[in-house]
Amino acid sequence: MIRPVQVAVLLAIATLGGCATDRTVGTAPGVELTQLETLPEPRNEILYLIGPQESLEIEVVGAEPLTGTYLTNEEGNVGFPLLGIVPLSGKSPSEASRLIADGLRGRYIIDPQVRVIPTEFPPPSISVGGQVKVPGSYPATGRPTLLRMINDAQGLAEYAKLDDVLVMRKVEGQNYIGVYNIGAIQRGNYEDPLLYPNDIVMVGDSPGARRIDNILQFAPLLSSAIILIDRVGR
């Protein structure tokens, strides 16, 4: 059964100063609203997940030919004897152990005991993408917040949509999406929310700002004055 993604529509997107901007939230099939005002905090969540091009020590007890050091490819898959390509990306070491054991069980080994141990644990990180100047993964050290992580990504890009910043988080197997108004947070209207390892931050794009910018490029050719109706973000 596919569990729907829940969207936490946060107080940070509330209308400010009597502005009449329509903040109605539309959801795709499989996405539903919650009554939450903040994203739930991770509890005993696994901080390390296997990724691409990582070195793993895989031990199959009693089967020395299968035991050794394996390197995941750019998609996070590993080529394992007897099983072929095994998709390990996004899985914890214990989940990877169960996956390999299940593939071996019965066909090759009656009751396989498998251990997957990363040769080194990369530091916990937060992924920041969308309309920031330098998208990428950044260390989740100390007490990272939304503003701090965007600053680590060298700040917002030119066409960032301030009221369309998403934080995606998985808690106890459930996916949540928080929607934030980063502009309101920057002004101190709302508290800068804490982030956690494996969170994903996506800053939205403002097509309206792009259209206005394109018009202004040709402004000298049109007239000595340009009057625009501000529909950006509406």
S.K.: Of all the heavy-atom pairs spanning A153 and V128, show the shortest one and how long it is.
M.R.: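 In terms of heavy atoms, the two residues are closest at CB-CG1, 4.0 Å.
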S.K.: Out of curiosity, does I50 fall in the hydrophobic cluster containing I85 (side-chain heavy atoms, cut-off under 4.5 Å, transitive links)?
M.R.: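 Different clusters.
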S.K.: Specify the closest pair of heavy atoms between T72 and P52, including all atoms of both residues, with the distance to one decimal.
M.R.: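 What the structure gives for the nearest pair is OG1-C, 3.3 Å.
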S.K.: Any chain of hydrophobic side-chain contacts (each under 4.5 Å) joining L88 to L71?
M.R.: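 Each belongs to a different hydrophobic cluster.
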S.K.: Is the closest basic N to carboxylate O distance between R169 and D199 below 4.0 Å?
M.R.: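 Salt bridge present between R169 and D199.
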S.K.: Do any pairs count as a ring-ring contact (aromatic ring centres under 6.0 Å, His included) and have a residue in residues 95-116, sequence neighbours left out, and if so which ones?
M.R.: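 ring-ring contact (aromatic ring centres under 6.0 Å, His included) check on residues 95-116 returns no pairs.
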S.K.: Kindly compute the distance separating OG (S127) from CG (N198), expressed to the nearest 0.5 Å.
M.R.: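 Atom-to-atom, S127:OG and N198:CG are 10.0 Å apart.
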S.K.: Do L194 and V165 belong together in a cluster built from hydrophobic side chains that touch within less than 4.5 Å?
M.R.: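 No, L194 and V165 fall in different hydrophobic clusters.
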S.K.: Which value, rounded to the nearest 0.5 Å, describes the distance between L166 atom CG and L146 atom CG?
M.R.: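 It comes to 10.5 Å.
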S.K.: Once you round to the nearest 0.5 Å, how far does CG of L147 lie from CD of E191?
M.R.: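 Result: 11.0 Å between the selected atoms.
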S.K.: Taking side-chain hydrogen bond (donor to acceptor under 3.5 Å, both in side chains) as the test, write out the residues that go with R98, two or more places apart.
M.R.: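 Testing R98 for side-chain hydrogen bond (donor to acceptor under 3.5 Å, both in side chains), a comparison that skips the adjacent residues, returns none.
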S.K.: Using the test side-chain hydrogen bond (donor to acceptor under 3.5 Å, both in side chains), find all partners of R148 that sit at least two apart in sequence or belong to another chain.
M.R.: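 Counting only residues at least two positions away or on another chain, R148 forms no side-chain hydrogen bond (donor to acceptor under 3.5 Å, both in side chains).
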S.K.: Mind listing the closest non-hydrogen atom pair of Y70 and P81 along with its distance?
M.R.: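 Heavy atoms only, the tightest pair is OH-CD, 3.4 Å.
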S.K.: Are V167 and Y196 connected in a single hydrophobic cluster, I mean Ile/Leu/Val/Met/Phe/Trp/Tyr linked by side-chain heavy atoms less than 4.5 Å apart?
M.R.: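 No, no single cluster joins them.
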S.K.: Is there a side-chain contact between K91 and L99 (heavy atoms, below 4.5 Å)?
M.R.: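 They are in side-chain contact.
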S.K.: Could you give the distance from CD1 (I109) to CG (L66), rounded to the nearest 0.5 Å?
M.R.: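 Interatomic distance, I109 CD1 to L66 CG, rounded to 0.5 Å: 5.5 Å.
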S.K.: Would you say F80 and L56 are hydrophobically clustered, going by side-chain heavy atoms of ILVMFWY under 4.5 Å?
M.R.: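 F80 and L56: one cluster.
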S.K.: Would you check if the side chain of Q174 reaches a backbone N or O of V171 as a donor-acceptor pair within less than 3.5 Å?
M.R.: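 No: the side chain of Q174 does not pair with the backbone of V171.
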S.K.: Can you find a pair of side-chain heavy atoms, one from S125 and one from P197, that are under 4.5 Å apart?
M.R.: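 Counting from C-beta outward, S125 and P197 never come under 4.5 Å.
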S.K.: Apply side-chain contact (heavy atoms from CB on, under 4.5 Å) to D205 and K161, showing your working.
M.R.: CA-CA 5 Å; D205 176 273; K161 190 172 183 181; 5.9 Å; no
S.K.: Report the C-alpha distance between R105 and I110 in whole Å, list the side-chain angles of each, state the deciding distance to 0.1 Å, and finish with yes or no for side-chain contact (heavy atoms from CB on, under 4.5 Å).
M.R.: CA-CA 5 Å; R105 183 172 290 108; I110 295 177; over 6 Å; no
S.K.: What pairs with D192 under side-chain hydrogen bond (donor to acceptor under 3.5 Å, both in side chains), at least two apart in sequence or on another chain?
M.R.: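 For D192 the side-chain hydrogen bond (donor to acceptor under 3.5 Å, both in side chains) partners, ignoring immediate neighbours, are T145.
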S.K.: Please report the interatomic distance NZ(K170) to CD1(I200), rounded to the nearest 0.5 Å.
M.R.: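 Interatomic distance, K170 NZ to I200 CD1, rounded to 0.5 Å: 10.5 Å.
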S.K.: Give me the atom names and distance for the closest heavy-atom approach of P144 to G142.
M.R.: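 Heavy atoms only, the tightest pair is CD-O, 3.3 Å.
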S.K.: For residues 50-65, which residue pairs qualify under side-chain hydrogen bond (donor to acceptor under 3.5 Å, both in side chains), counting only residues two or more places apart or in two chains?
M.R.: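 Residue pairs passing side-chain hydrogen bond (donor to acceptor under 3.5 Å, both in side chains), neighbours aside: Y48-E54, S55-T119, E57-T69, E59-R115.
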S.K.: For D152, check side-chain hydrogen bond (donor to acceptor under 3.5 Å, both in side chains) against everything at least two apart and list the hits.
M.R.: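 In terms of side-chain hydrogen bond (donor to acceptor under 3.5 Å, both in side chains), with neighbours along the sequence ignored, D152 is linked to no residue.
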S.K.: Determine whether V203 and I150 satisfy the following criterion, side-chain contact (heavy atoms from CB on, under 4.5 Å), listing intermediate values before the conclusion.
M.R.: CA-CA 9 Å; V203 178; I150 288 177; 4.2 Å; yes
S.K.: To the nearest 0.5 Å, what is the distance between OG1 (T38) and OH (Y176)?
M.R.: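 OH of Y176 is found 10.5 Å from OG1 of T38.
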S.K.: S97 and V114: which non-hydrogen atoms are nearest, and at how many Å?
M.R.: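 Residues S97 and V114, closest heavy atoms: CB-O, 3.4 Å.
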S.K.: Determine the minimum heavy-atom distance between P112 and A101, stating which atoms define it.
M.R.: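 In this case the closest contact between P112 and A101 is CG-O, 3.3 Å.
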S.K.: Below 4.5 Å, heavy atoms only, C-beta onward: do P193 and I185 meet side chain to side chain?
M.R.: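 In short, these two side chains touch, coming nearer than 4.5 Å.
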S.K.: Check whether any side-chain N or O of N151 sits under 3.5 Å from a backbone N or O of G155 as a donor-acceptor pair, and report yes or no.
M.R.: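 Not a single qualifying donor-acceptor pair exists.
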